Structure formats: structure tokens, C-alpha cells
Amino acid sequence: MRSTSGPSIATLLCLVLMAGCAEQRDAEVLPEPTSPVCEGVAPRTLDEVFAAHFSGQQPTGCTTACHAQGLGGLSFSDARELWQATVNQTSTEAPMRQLVVPGRPEQSHLYLKLLPDAPGRMPLGGPYLDEAALRDVAGWICSGAAEPSPGGGDGGQDNPQPRLDSLTPPSVATNGAPFTLTLTGTDFIATSTVVFNDADVTTTYVGPTTLTARIPTLAMPGNYPVIVRNPAPGGGTSNVLSLTAVDSSAPTITGLDPTRVTAGTAFTLTVTGSGYVCSPPVSRSTVLFNGASYTPSTCDSTQLTVSLPATPVGDYLVQVSNGNGETSNTPTLRVHEDNPVPAVSSLSPCGTVAGAAGFTLTLSGTDFVDGASVTFNGSPVTVTFINTSELQASIPASLVASAPAENAAAVVVTNPAPGGGSSAPAYFGVATQAVTLASDVQPLFTANCANAGCHSSPSTPVNLTSGRAYDELVGVPSSGCSSRLQVMACGPLRSQSFLIDKLLATNTSPACSGSPMPKGTPLTAAQKQLIIDWVAQGAPP
């Protein structure tokens, strides 16, 4: 019997076009750019995605409970009807948006509504798609959102040939209970089959890189071949890996705790398994690590504890040896450096206007690690690791629907333990309204600042007359406060832009240097906000 895992996307479609199946971001077709969501995503067909996640046979079963009845203006009962209803189709709820934009999952109403940070995430109340299922959906959209085959097969595309990379566990003891074997690799599909020792076994599709298989009791020691088979059209069999069955009378290792340790630090290793001997002393089990034998400090037939010295970075084999010469399998223990604390140096884009569509934020900096997380104004967002100096974060429209306090959203990167930690915040500007220098800000400078003897000529500290203000302000170091720029694009905080510091200064909160500006009659709160909004969105000309 074959099963699939993960929630159905079909139910998610219930919510796209009906009350409770909420709004989504703009889907604008762009000329040939590469979507950051598509990097490293394997192509998928709609037939694969529908079978694994959309169909009414899945737990959420939306094709029968929802859209077979046309709820929300959307009706489908199979893969072809789903394709016809979504690809390049406008949402009846949001006429300016499309449900699926081929090649652009980050602009596709359907895909965005599935993400963990989506407001009113589909399906409403869960269960939600896991990362593997989301990659399946993205893989279909990234590969062009092709229509399915007429018979519900592969949409004219052959099934891929699978590749098998690893087995967990890699070995087991003979005469044990039946167990679940986890297979990792690539190009697994919903109809993949695990073949164990030349016989098909019960297979569960977890995702395009993971399958599980139910393996019976193994009575004889030896190496048992394992392959994955994808059906025609196309398809084929993977390479062969072996599951080792070890004589139950010999020691076996099924787990290490910890599996990763920090270089240069002594540690205690717990080895779990079977067949360990604690007495008499002549046959007592020992642990072999980095070429040396260590006597366990605690011992029973299924668990050993041993104290090990500080060790350099590297991968080290662990083995249990009994005094009678029998030895176990040899799993690997990884010794590594602690993760560093990251630092963010810049954001691109660096600002926007409240109410804008969702977007991809590129973070540049140092010491980013795979597995780093990002928060935007305190909310977790979906992250793509590019390299140690670049991350990309998907910022949903909901997080820029309104301007945060002081028009600046803190962006923080956190590297996981061991070590790791959070960066100092970088700030992303969010203006309350669209503002330009020429139309909105220059009139304020002309009327209030570019007066005789003040900021009206090159002899004054900053010339704010029309045609000069931009070059005198944006990106120019301040003479009054050397640690700041006169105006930092997308930097609306007083600690970022000297101009903002001078505008907001009071007797109880003085500016970095000099008196509040402008002299004479202060600007109104609304006038100050116009200048802050200009800076927050990037100080456009």
C-alpha cells in the first residue's frame, strides 16, 4: 500500500477566492528574470504535484469538499481543471492579481498563500504544507507551470530517474522488529517504489528528496540491496545502496549523542545500540575513537557513556569493540567550529512605501550560515541561504501594509547554535506615503530653510536651494556629526540621518550637533513627516 505525506494544496485553493480564503500579493509578469525562489528547486509536473498534494484522496480533500462545488468562483476536480482555473487566471477576489504566474512563484497568488508567514495561511487552520511540499509546488511553477497530460500522467514529460544518496539507519541488528527505513536522494515522485532485497516494500512519499519504507525482520547478517524505482513514462531505477544487517550477538551502534561537537572542547559521548558487554572485565566493551580505545564510564547492554578529549575539526569514526574481537558498525561523529555571530552591512531594496506588494529582500553581510533565520520588524520570514555573505528573505505584503514606529523596520539575522547568535539590527525604511524631493520636500526647504544667510548659498554649510539640495544631502557625510550622513537613503532614524536628527531635536532631546532646525518657526508634524517619508523610501529625487 502506498501513502503520501504532507497536507493537500487543494484545500488551500478553497481559501484563495472566498471569504476566509484571503487576499494575496500582486502577481506581475516580468520579462525573463530568474526567480530567487527557483534556485536549487527541482522541476515538477502538475501531475506529480496534484497526486501528492491536491487530490481529493489527500487528507484535506478540497476537490470534493470545496471546489467541486465551485466555491469562491473556482471549480476543479482534477489536475487539468486545476491548471485551467489557475495558470494566468485572474482572481475574482483581487482582479489585479493572478493565481499562478509561470516561472514566478513569488508573484503567484496560490504559492504565496501557502507560505508560513502568509496572513490567513492556507488551508485555513491547517494542516499546512511542509518545506518539501512547498518545493514541489514551486518546482511546477518554476518549470513553467505546464499543463498536465491528457490522461493525468506527466503532462508530456517523462518521469525522472531517481538517485539514492543515503539510508537511515545504515545498519540494523538481525532478528529485530520490523522497522522504518528513511531514504534520501533526488527526483523521487509520488509513485516511487522502494525495492528492498529484490522485492517491493511499502513506500511512503515524503517529498522529492525523501521516502520511507517498511522493512521486515532480517534473520541473516549481510548486505541487503536497496534501490528506488520510478514508473514509466521515463523513470527507471536508482543506484544501489546497501543496508547492513549485523549479527545480533555482535555489538551495533544505532545512535550517537551528540552527533556534532565543538572543536577544542572535551565532551561526553553516549553510544546507543545493542550487544554491549559490561562484564566480566576481559570481554568488556570499549569505544574506539580517533584511533584510540576508551573504557566507558557507564555501561549496559544497550548504552555506553565515554569521556573523550578535545579534538580538532574533522569527521571521526566511532566503533564499539567487545573483548572477544567482535566489532560494531562505524557511524561518523562530526567535530566542528562554533557558528559565528552574523553581521548585516546592507539591505536591497533598503526601503518602500506602506501598502506596497511583497518582495524579496537581499541581505549582505558576513558570517551567515546555512540555517540562519531572519526577522523583519520582529516577525519571522522565509529565508534562502545564498552564501556566507548573502541571504534572501521573502517579505510578505502584510509586514509593510503600514509604517512601523519611526518608519524603520528592524531586520535581524540569527545563526543557530552551537555558538551563533543574533546580528545587530539593520533598518529597512517604510514610508507612510510616496514622496519626492522635487514635488514635496523642496518646497519646504525653499520656504523654511533656504533663507538669506542660512542654507541659500554655497557659503552656507548646506545649500538647500532648488537643484542643489539633493547633491548636498544624500550620501554626504555630515560636518556637524561625523558619524552620520546628512541623509542616508532609507535611513529615517535620528541615529542614521543628520537631517532627521536636526528636524526632531528638542531641548530635552538635543541634536548631535547644533540647534534644532529650521530656525525661527518650526515645521509642523505633517511637514516633518513628509521629509521623514522621503528619506525612509530611499530619498528619491
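Source: prediction; values computed, not measured. Because only heavy atoms are used, hydrogens play no part in the values below, and waters and symmetry mates are left out as well, while side chains stay in.
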For Gln486 and Val462, what are the C-alpha separation, side-chain angles and deciding distance, and is it a side chain to side chain contact (heavy atoms under 4.5 Å, CB included)? CA-CA 9 Å; Gln486 300 281 26; Val462 180; 3.3 Å; yes
Rounded to the nearest 0.5 Å, what separation is found between the [atom1] atom of [X] and the [atom2] atom of [Y]?
X: Cys142; Y: Glu106; atom1: SG; atom2: CD; answer: 8.0 Å
X: Gln392; Y: Ser364; atom1: CD; atom2: OG; answer: 9.5 Å
X: Trp534; Y: Gln442; atom1: CH2; atom2: CD; answer: 9.0 Å
X: Glu390; Y: Leu363; atom1: CD; atom2: CG; answer: 9.0 Å
X: Cys350; Y: Leu361; atom1: SG; atom2: CG; answer: 10.0 Å
X: Leu46; Y: Glu147; atom1: CG; atom2: CD; answer: 9.5 Å

Please walk me through it: do Val535 and Cys490 pass side chain to side chain contact (heavy atoms under 4.5 Å, CB included)? CA-CA 5 Å; Val535 174; Cys490 305; over 6 Å; no
If we count only N and O atoms by modelled type, under 3.5 Å, do the side chains of [X] and [Y] hold a donor and an acceptor together?
X: Thr184; Y: Ser166; answer: yes
X: Gln529; Y: Asn407; answer: yes
X: Tyr427; Y: Asn377; answer: no
X: Asp533; Y: Gln537; answer: no

Using side chain to side chain contact (heavy atoms under 4.5 Å, CB included) as the criterion, list what pairs up with [X], not counting sequence neighbours.
X: Ala145; answer: Val87, Val100, Pro102, Trp140
X: Thr168; answer: Thr182
X: Pro416; answer: Asn339, Val369
X: Pro477; answer: Leu485

Are more than 12 heavy atoms, taken from residues, nucleotides or ligands other than Gln84, located less than 6.0 Å from that residue's CD atom? yes
Counting only heavy atoms not in Glu406, do more than 12 sit closer than 6.0 Å to its CD atom? no
Under 3.5 Å donor-acceptor, [X] side chain and [Y] backbone:
X: Ser108; Y: Arg104; value: yes
X: Glu48; Y: Thr45; value: yes
X: Thr375; Y: Gly378; value: no
X: Ser348; Y: Thr362; value: no
X: Thr524; Y: Gln527; value: yes
X: Arg484; Y: Arg494; value: yes

For [X] versus [Y], what's the shortest heavy-atom pair and its separation?
X: Val344; Y: Ser423; result: CG2-OG, 3.8 Å
X: Leu473; Y: Phe445; result: CD1-CE1, 3.7 Å
X: Ala372; Y: Leu391; result: CB-CD1, 4.3 Å
X: Pro443; Y: Ser439; result: CG-O, 3.7 Å
X: Gly538; Y: Ala489; result: O-CB, 3.6 Å
X: Leu129; Y: Arg121; result: O-NH2, 3.0 Å

Under the side chain to side chain contact (heavy atoms under 4.5 Å, CB included) criterion, do Asp471 and Val474 qualify, and how do the steps go? CA-CA 6 Å; Asp471 291 336; Val474 180; over 6 Å; no
Heavy-atom check, side chain of [X] versus side chain of [Y], under 4.5 Å:
X: Leu503; Y: Leu523; answer: yes
X: Val412; Y: Val374; answer: no
X: Ile141; Y: Val101; answer: no
X: Val37; Y: Thr360; answer: no
X: Phe498; Y: Cys512; answer: yes
X: Val341; Y: Asn415; answer: no
X: Cys38; Y: Pro105; answer: yes
X: Leu499; Y: Val487; answer: yes

Under the salt bridge (Lys or Arg N to Asp or Glu O under 4.0 Å) definition, can you give me all pairs with a residue in residues 333-361, not counting sequence neighbours?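 Listed by first then second residue: Asp315-Arg334.
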Any salt bridge between Asp187 and Arg163, counting N to O under 4.0 Å? no
Does Thr436 form a side chain to side chain contact (heavy atoms under 4.5 Å, CB included) with Val441? I'd like the steps, not just the answer. CA-CA 7 Å; Thr436 66; Val441 177; over 6 Å; no
Who pairs with Phe376 by ring-ring contact (aromatic ring centres under 6.0 Å, His included), at least two apart in sequence or on another chain?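 Per chain and number, Phe376 pairs via ring-ring contact (aromatic ring centres under 6.0 Å, His included) with Phe428.
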